[in-house]
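Let me begin by presenting the structure, written as structure tokens, before commenting on it.
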2 protein chains.
Amino acid sequence: MPRVVDHQQRRREIAAAVWKLAASKGLESVTMRQVAATAGVSLRQVQYYFGNRDQLLLQSLRLLNERSTESARARIEPAADSMGPKELARAILLESMPLDAQRREQLLVHIAYFVRALSDDALAAALRTPDGVDAGELELLLAGLIDEGAASGPLPAGAALKEAEMLLALAFSIGADTLAGLRTIEQALATLDHQLDRLFG
Amino acid sequence: MPRVVDHQQRRREIAAAVWKLAASKGLESVTMRQVAATAGVSLRQVQYYFGNRDQLLLQSLRLLNERSTESARARIEPAADSMGPKELARAILLESMPLDAQRREQLLVHIAYFVRALSDDALAAALRTPDGVDAGELELLLAGLIDEGAASGPLPAGAALKEAEMLLALAFSIGADTLAGLRTIEQALATLDHQLDRLFG
DNA sequence: TTCGTTACGGTACGATCGTATCCATAAGAT
DNA sequence: ATCTTATGGATACGATCGTACCGTAACGAA
């Protein structure tokens, strides 16, 4: 066994370059050479650690999802016990809003991949079997919180799930609008909080 | 003045090729040559009528927005008088959902442009000064309908506008999810109707 | 030290891209 | 009938892309 290198670490560094490029100039500017230059490695290394460009894009998405769920967990779990249902639901939703540089980059890259998946079946399949937290899981989790903390008595059956779908869709959409400069982050949060206030007390 | 040709018509035909390509294989596959081949014209004609690739993309978006607002008006206005506030609001929202081939293509292309605008300032500026109906206009229109047809008495000041924002964001987001195969169109409509039922009677 | 595998720098090839340019032709104006 | 100009076919250029390949430096095992 010769010349051992931490492959995982190298791949994360290169993937970080992919995210940076994708967030600042779009997925189509993520070329093998640009990634190499941004990561400060040779073209050959990008080939060596990811093989294809397709694999580079796919694996970089996987690594991004890993990091996202990791930092979300780190932000939420420590304080989860002292949170009511409303605060917890809000914290979950805020994870997908561009509140800081990291989440902003996450959302930009995620949207870029989402759009590419619309015309790339391989990527679409990869998005449907995520590495991190499934979207369906999040809906169920939020629905449980809504039922638990419902403001105006118990909801009709299935209503909480539909409200949870709405909240997630809303967060995604106004987050994207914020990135495009169509809303300010304050407006976006106000719109989201209006729905939270309605559902919870 | 020799050999006169209907420029508007030619540009619409070429733009249609742009939409088709963008919807099926993404904006990055919209190359001058691919567009020419899809439209059945020579590369030179695409250059002649649009000049740049940037202009090709920009003008094609303008033409798509024109067609969208046109067909939306044609679908809604004839029956608008016999509609209540709820039906009218629903009809407006359905215009941006992938209910048929044309609206599906519209939404796909629109999303593709939206994402590119996230890292292309020139496009972003173009999206902020739309040719068709402004997003802000739509919000105001929907807010008026909500106030008019409110189910549970009059809403607090500003609430209708926030609900209108929510409806538009929701339609966009679940429409996109439908395109990505993450929801069925029936699920999407059920989620949307749930909010409409809540706001109107 | 010797050897074999891993890691990787360097480079070249063919394809495709946007764009520019040269030139032919068709048809209204004179 | 001819001139003028809009229209557009054909082609070429330089850049950039993904990928393949050659060679070698590094380093653990023997």
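Order of the sequence lines sets the chain letters (A, B, ...), proteins ahead of strands, with each chain counted from 1.
- No side-chain N or O of B/Q34 forms a donor-acceptor pair with one of B/S29 less than 3.5 Å apart.
- Ring orientation note: the planes of B/F114 and B/F172 are tilted relative to one another, at an angle of 30° to 60°.
- For D/dG8, the OP1/OP2 oxygens have no side-chain nitrogen or oxygen of B/Y48 closer than 4.0 Å.
- The nearest whole Å value for the distance from the CD atom in B/Q45 to the P atom in C/dT19 is 18 Å.
- No hydrogens or angles considered: nothing links the side chains of A/Q195 and A/E163 as a donor-acceptor pair under 3.5 Å.
- Looking at A/W19, its side chain does come within 3.5 Å of a backbone N or O of A/S60 through a donor-acceptor pair.
- The closest side-chain donor-acceptor pair between A/Q187 and B/E165, if any, does not fall under 3.5 angstrom.
- Side chains of A/R44 and A/Q47: no donor on one and acceptor on the other come within 3.5 Å.
- The distance from atom CD of B/Q8 to atom C1' of D/dA6 is 17 Å, rounded to the nearest whole Å.
- In this structure, A/D6 atom CG and D/dA26 atom P are separated by 20 Å, rounded to whole Å.
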Using a cut-off of 4.0 Å between protein heavy atoms and nucleotide atoms, how would you tag nucleotides 11-23 of chain D 5' to 3' with B, S and -? B-----BBBBBB-

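- One finds a side-chain N or O of B/H7 lying less than 4.0 angstrom from the OP1 or OP2 phosphate oxygen of D/dT7.
- Within the structure, a side-chain polar atom (N or O) of B/Y49 is placed less than 4.0 Å from OP1 or OP2 of D/dG8.
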